Number of protein chains: 2
Amino acid sequence: MTTARAAAGNTATRGRRAGRRSGDQRELAILATAERLMTERPFAEISIDDLARGAGISRPAFYFYFPSKDAVLLTLLDRVTAEADAAAGDTLDRMADDPRSRWRDLIGRFHDTFRAHKAVVLACAQARGANAEVRELWAAVLERWVRCTQTAIEAERRRGAAPDGLPARDLAIALNSMNERVMHATLAGDGPAVAEPDVVDVLLDVWLSTIYRDTTPPAD
Amino acid sequence: MTTARAAAGNTATRGRRAGRRSGDQRELAILATAERLMTERPFAEISIDDLARGAGISRPAFYFYFPSKDAVLLTLLDRVTAEADAAAGDTLDRMADDPRSRWRDLIGRFHDTFRAHKAVVLACAQARGANAEVRELWAAVLERWVRCTQTAIEAERRRGAAPDGLPARDLAIALNSMNERVMHATLAGDGPAVAEPDVVDVLLDVWLSTIYRDTTPPAD
DNA sequence: ATCGCGTTTCGACAGGGTGTCGAGATTGTT
DNA sequence: AACAATCTCGACACCCTGTCGAAACGCGAT
């Protein structure tokens, strides 16, 4: 646990010194290979040997850079979480003017993050079941989106734009969970799914109905 | 594919004759062992050897009954789909009187199915990523719930109880996906989750807001 | 009783994946 | 040139899957 988490952390503070030669390139090559292969076939069907050969090294050499296959995924996921955090950024500050557009932004950014890292996200969804670290890291990402949503809902209620009702946190969890699952199904082409061009509109519709209820999303 | 699917089907029409002795008991023993072990540790960590020894046979003997570990899960899932079908049954027929209670029934039954087969459902969510058959069978279950929901929404719109809006199917997909993910998170105790006693109420709240919007769920 | 025939069981094997160890090659620094 | 950190890989032990063929079992027909 500690080992893998450390390896997945920012590359600067790993057990190694600064004076590196080919190492950084190799590490990047492994990550690039992983991301490429993940677009071709499910994560579970990619072996460490595939990753190593793709990066031009032997299987044992792989272990010099990552402690396991999951650690590679974790590193990739770390990048996504960073981007997701940046995307969520200041959306809620400007909620007061044109809430409908703000909410659309929030969902749209969620969606963009998913689409931009489709392969990583789908692989994580797979690995999440079997790997506790992936599960925790993913949970942390989702938790941030939930908190962001919750805060925005409470602000809307406070200024009288949205009616009171169930705890904002519960709604935030339900809505964000919906987004996760629906987008996943759409991107994976898995089972019943909303068509890609419509997905943001459909989700937004549910969000606005739930948050504002009979109140039509006010202009100010 | 054909092989595994056949083994997962109803036990009557398998390649074997009727005159069986200890076989049926052994098959049941394997299924029981699987369900028991799944409550103790993740499906991925259960080996065929565990299943075989749990049922009192050797590993090769296991293959006499099931072609793979996934086939066991598929058989278990078959049971759940049957129960889910029965549960969905006649809910929409009686929608006209007291819609709120009817919707609550629908969500409640979904919830009951999840809870009753918690281990199977969680294992399927795991296996779904790696196994196409599990994915398809699960998709079929969800598709039925979606269709059921869609039909009910359209009926409510037709009788003027619910306003028109986005395609009923898209809403049905979004709402059922939400239910799946939220209930999964709650049961798995995974990441941000709604507390178990509240989960049905929270989901119902989102459903009613989305389906009826400003219209308060009418009495008739 | 015993022969024959499906049913059931398992030892042994091949194949493929993981993770580790220790010896060696490489390269910047002194 | 020599040292040490960095990097690489052959070889090994281990676990798991799936298959094969031989053998044991149980029961009806002879």
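Model, not experiment: these values are computed from the prediction. Side-chain atoms are counted along with the backbone in the values below, which use heavy atoms only and exclude waters and symmetry mates. Below, chain A is the first sequence line, B the second, and so on; all start at residue 1.
- For the pair B:Asp49 CG and C:dG11 C1', the computed distance is 13 Å after rounding to whole Å.
- The NZ atom of B:Lys69 sits 9 Å away from the P atom of D:dG18 (whole-angstrom rounding).
- For the atom pair CD (A:Glu154) and CG (A:Leu171), the distance works out to 10.5 Å, reported to the nearest 0.5 Å.
- For A:Tyr63 and C:dG17, the OH to P distance is 12 Å, given to the nearest whole Å.
- Ion pairing between B:Arg102 and B:Asp105 holds under the 4.0 Å rule for side-chain N and carboxylate O.
- Distance from the side chain of B:Ser47 is smallest for D:dT17 among the nucleotides C:dT8, D:dC9, D:dT17.
- If you measure from atom CG of A:Asp24 to atom P of D:dT6, you get 12 Å, rounded to the nearest angstrom.
- The CG atom of A:Asp70 sits 11 Å away from the P atom of C:dT18 (whole-angstrom rounding).
- One interatomic measurement links the two molecules: CD of B:Gln25 to P of C:dT8, which rounds to 11 Å at whole-angstrom precision.
- Note that OG1 of A:Thr151 and CZ of A:Arg169 are 10.0 Å apart. Values are rounded to the nearest 0.5 Å.
- Phosphate contact (OP1/OP2 of C:dT9, side-chain N/O of B:Tyr65, threshold under 4.0 Å): present.
- Taking atom CD1 of B:Ile30 as the reference point, atom C1' of C:dT9 lies 12 Å away to the nearest angstrom.
- Of the N and O atoms on the side chains of B:Ser47 and B:Asp50, at least one donor lies less than 3.5 Å from an acceptor on the other residue.
- With D:dG18, D:dT8, C:dT18 as the candidates, the nucleotide lying closest to the side chain of A:Phe64 is D:dT8.
- A:Arg79 and A:Glu35 are joined by a salt bridge, as a carboxylate oxygen and a charged side-chain nitrogen come within less than 4.0 angstrom of each other.
- Across all strands, B:Ser58 comes closer than 4.0 Å to base atoms (heavy-atom distances).
- When distances run from any side-chain atom of B:Ile57 to the nucleotides C:dC10, C:dT18, D:dG18, the shortest one goes to C:dC10.
- Distance, A:Arg26 CZ to D:dC7 P: 10 Å, rounded to whole Å.
- Distances were taken from every side-chain heavy atom of B:Pro60 (C-beta onward) to each of C:dG11, D:dA11, D:dT6; the shortest belongs to C:dG11.
- In terms of polar N and O atoms assigned as donor or acceptor, the side chain of B:Arg59 comes within less than 3.5 Å of the base of D:dG18 in a complementary pairing.
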